[in-house]
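Reading through the structure tokens given below for one structure.
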Amino acid sequence: MEREFVKSSNISSIGYDDKNQILEIEFNHGGIYQYFDVPEYIYDQLMSANSKGSYFSSQIRDSYRTQKL
């Protein structure tokens, strides 16, 4: 999955597979995680958030099944 680099103190890049609803996030500490069954509107809101780290923490981190790559 291709990821887009973002300006964030916590997140390096973000990708999204709309067909499978998989959100992929690379963190600045180097870990890459996939989040499953994430609706496209959540991805859109994450990408437009002023603070991607805050949005991730409040809306994604504990809300979706995840896997570290």
Test side-chain hydrogen bond (donor to acceptor under 3.5 Å, both in side chains) applied to Tyr55 and Gln45, step by step: CA-CA 8 Å; Tyr55 185 87; Gln45 290 177 357; 2.7 Å; yes
Qualifying residues under ring pair (Phe, Tyr, Trp, His ring centres under 6.0 Å), relative to Tyr33, sequence neighbours excluded: Phe27
Closest contact, heavy atoms only, Ser8 versus Gly53: OG-N, 4.1 Å
Results of side-chain contact (heavy atoms from CB on, under 4.5 Å) for Ser12 - residues two or more places apart only: Phe5, Glu26, Asn28
side-chain hydrogen bond (donor to acceptor under 3.5 Å, both in side chains) against Glu24, all qualifying residues, sequence neighbours excluded: Arg3, Gln34
Any donor-acceptor N/O pair, Tyr43 side chain to Leu23 backbone, under 3.5 Å: no
Nearest-0.5 Å distance, CG of residue Leu46 to OG of residue Ser54: 11.0 Å
Pairs flagged by side chain to side chain donor-acceptor pair (under 3.5 Å) wherever residues 59-69 is involved - sequence neighbours left out: none
Gap separating the CG atom of Asp37 from the CD1 atom of Ile42, nearest 0.5 angstrom: 12.5 Å
Counterpart residues, side-chain hydrogen bond (donor to acceptor under 3.5 Å, both in side chains), relative to Asn20 (two or more places apart): Asp17
Point-to-point distance, once rounded to the nearest 0.5 Å, from CZ of Phe56 to CG of Asn10: 9.0 Å
hydrophobic_cluster_shared for Met47 and Tyr35, side chain cutoff 4.5 Å: yes
Connected via hydrophobic side-chain network under 4.5 Å: Val38 and Tyr41: yes
Verify same cluster id: Ile32, Val6 (apolar side-chain graph, 4.5 Å): no
Results of side-chain contact (heavy atoms from CB on, under 4.5 Å) for Asn50 - residues two or more places apart only: none
